[in-house]
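Worksheet: one structure, shown below.
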Number of protein chains: 2
Amino acid sequence: MTDWKQLLSNAGCRITTPRRAVMQVLMSSDAPLSPQEIRERAQAMHHELGLVTVYRTLKLLTELNLVRRIHTEEGCCGYVAVALGEACHHLVCTSCRRTVEFPCTGLDDTVAELERLTGFSVQNHWLELLGLCPACQAKQKVVIQRKEEC
Amino acid sequence: MTDWKQLLSNAGCRITTPRRAVMQVLMSSDAPLSPQEIRERAQAMHHELGLVTVYRTLKLLTELNLVRRIHTEEGCCGYVAVALGEACHHLVCTSCRRTVEFPCTGLDDTVAELERLTGFSVQNHWLELLGLCPACQAKQKVVIQRKEEC
DNA sequence: GCCTTATTGAAAAACATTTTCAATAAGGGA
DNA sequence: TCCCTTATTGAAAATGTTTTTCAATAAGGC
Ligand SMILES: [Mn+2]
Ligand SMILES: [Mn+2]
Ligand SMILES: [Zn+2]
Ligand SMILES: [Zn+2]
């Protein structure tokens, strides 16, 4: 009912059980998932789901901007569903991977200045912030306290 | 002589022919290179260089912040030598891959605001700008002109 | 419901990265 | 300068990831 189905349909694509399963998994996760992780979870809905189909589906959803690829420190390849559409980026917890989407703002001046300096024409950009989510900051404080007690 | 050798040495690592070859290749390229591309070029200096060694060397150089991984649209894994150290990012031409390093500025306010809003503590970030370099813009204009002539 | 054709899953191929291990070569100390 | 220790290397194999191929299946317009 959420309009990813509409978008897919408008693009001339069929709404299939595998696609529903993958989309469902991504929308209910607050952390980026790898194709394997997506498959494991999506099999709850569609038991015979193949990994190939997950790859194909992710490619399609990414092209339609329903899903975004997240770059992690070790290797690439986490995927998250996006709500804000094209003009957003992500803040990722390096400890638990929890991910928060945020709207893209505040880069225009930097970009304009760089275009002037380099002669490049900037078309697109990729931004990701890495840090600790509130829960993981709290956990870390406990660890530090324990160390001090020794 | 440039001080990457110093840095490596200080870190307790040996200055070897493979490392010199890889570093040389990266420093003389203005586009990100894949491990295979690095190997091919570096073999000019050190013919028996193994791909395994390239991977190991890239890992080491990346840890020492002499080299940075560049995220490309299709897949990850281009590597560039960095001059400015940690606080820099890259502007990459999507047509010829030519890459320009630029100092990191102008994100502090955005980051502070997000920390306030989300409770995250931001430790690090990843920024890449994609566009067309001057040469590729010029080429593109020629193509457009030809089309108009028809 | 039927028919067309986009989509799927299994298997195999292709590609990328890591591990293992014996041989080699850096570079500090004699 | 030459030794000796040990970090580093390269080949091979293992492991992991992504793509291709192709016959079978199921969406969804009619
Ligand atoms: Mn942005
Ligand atoms: Mn920065
Ligand atoms: Zn966390
Ligand atoms: Zn270019």
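A quick note: this is a predicted structure, and the numbers were derived from the prediction, not measured. Order of the sequence lines sets the chain letters (A, B, ...), proteins ahead of strands, with each chain counted from 1.
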>> Which residues pass the salt bridge (charged side-chain N to carboxylate O under 4.0 Å, His left out) test with K139(B), not counting sequence neighbours?
In response: none

> Which pairs with one or both residues in residues 117-138 of chain A pass salt bridge (Lys or Arg N to Asp or Glu O under 4.0 Å), sequence neighbours excluded?
Replying inline: none

> What is the distance from CG of N10(B) to C1' of dA26(C), rounded to the nearest Å?
Replying inline: 16 Å

> Who passes side-chain hydrogen bond (donor to acceptor under 3.5 Å, both in side chains) against T62(B), sequence neighbours left out?
Replying inline: none

> Which other residues belong to the hydrophobic cluster containing W126(A), where Ile, Leu, Val, Met, Phe, Trp and Tyr are joined when side-chain heavy atoms lie under 4.5 Å apart, directly or via other members?
Replying inline: W126(B)

> Can you check the K59(B) NZ to dT18(C) P distance for me, whole Å?
Replying inline: 8 Å

Using a cutoff of under 3.5 Å, can you pull out all pairs of nitrogen or oxygen atoms linking the protein to nucleotides 13-15 of chain D, with atom names and distances?
none

> Once you round it to whole Å, what is the distance between C1' of dT18(D) and CD1 of I38(A)?
Replying inline: 14 Å

>> Show the nearest heavy-atom pair for residues G106(A) and T110(A), with the distance to one decimal.
In response: O-OG1, 4.4 Å

> Tell me the salt bridge (Lys or Arg N to Asp or Glu O under 4.0 Å) pairs involving residues 23-50 of chain B, sequence neighbours left out?
Replying inline: E37(B)-R97(B)

> Looking at residues at least two apart in the chain, or sitting in another chain, which of them share a side chain to side chain contact (heavy atoms under 4.5 Å, CB included) with A11(A)?
Replying inline: C13(A), L64(A)

> Base, backbone or nothing for each nucleotide of nucleotides 6-13 of chain C, written B, S, -, heavy atoms under 4.0 angstrom, 5' to 3'?
Replying inline: BSBBBB--

> Taking atom C1' of dT17(D) as reference, at what distance in whole Å does atom CZ of R69(A) sit?
Replying inline: 11 Å

> Of the non-hydrogen atoms in S29(B) and A31(B), which two are nearest, and what is the gap between them?
Replying inline: OG-O, 2.6 Å

> Expressed in angstrom and rounded to an integer, what is the separation of E37(B) atom CD from dA16(C) atom P?
Replying inline: 10 Å

>> Just the rounded figure in Å: distance from P of dT19(C) to OH of Y55(B).
In response: 13 Å

> Through what angle, rounded to 10 degrees, does the axis of the helix from dG1(C)-dC30(D) to dA30(C)-dT1(D) turn between its ends, using five pairs per end?
Replying inline: 50°

Quiz: residues 14-23 of chain A side-chain donor-acceptor pairs under 3.5 angstrom, not counting sequence neighbours:
residue : atom : partner : partner atom : Å
T16(A)  : OG1  : R19(A)  : N            : 3.3
R19(A)  : NH1  : R14(A)  : O            : 2.8

>> Once side-chain hydrogen bond (donor to acceptor under 3.5 Å, both in side chains) is applied, do any residues pair with Q140(B), and if so which ones, sequence neighbours excluded?
In response: none

> Which pairs count as salt bridge (Lys or Arg N to Asp or Glu O under 4.0 Å) when at least one residue sits in residues 101-111 of chain B, sequence neighbours excluded?
Replying inline: none

> Over how many whole Å does the gap from Q36(B) atom CD to dC15(C) atom P extend?
Replying inline: 10 Å

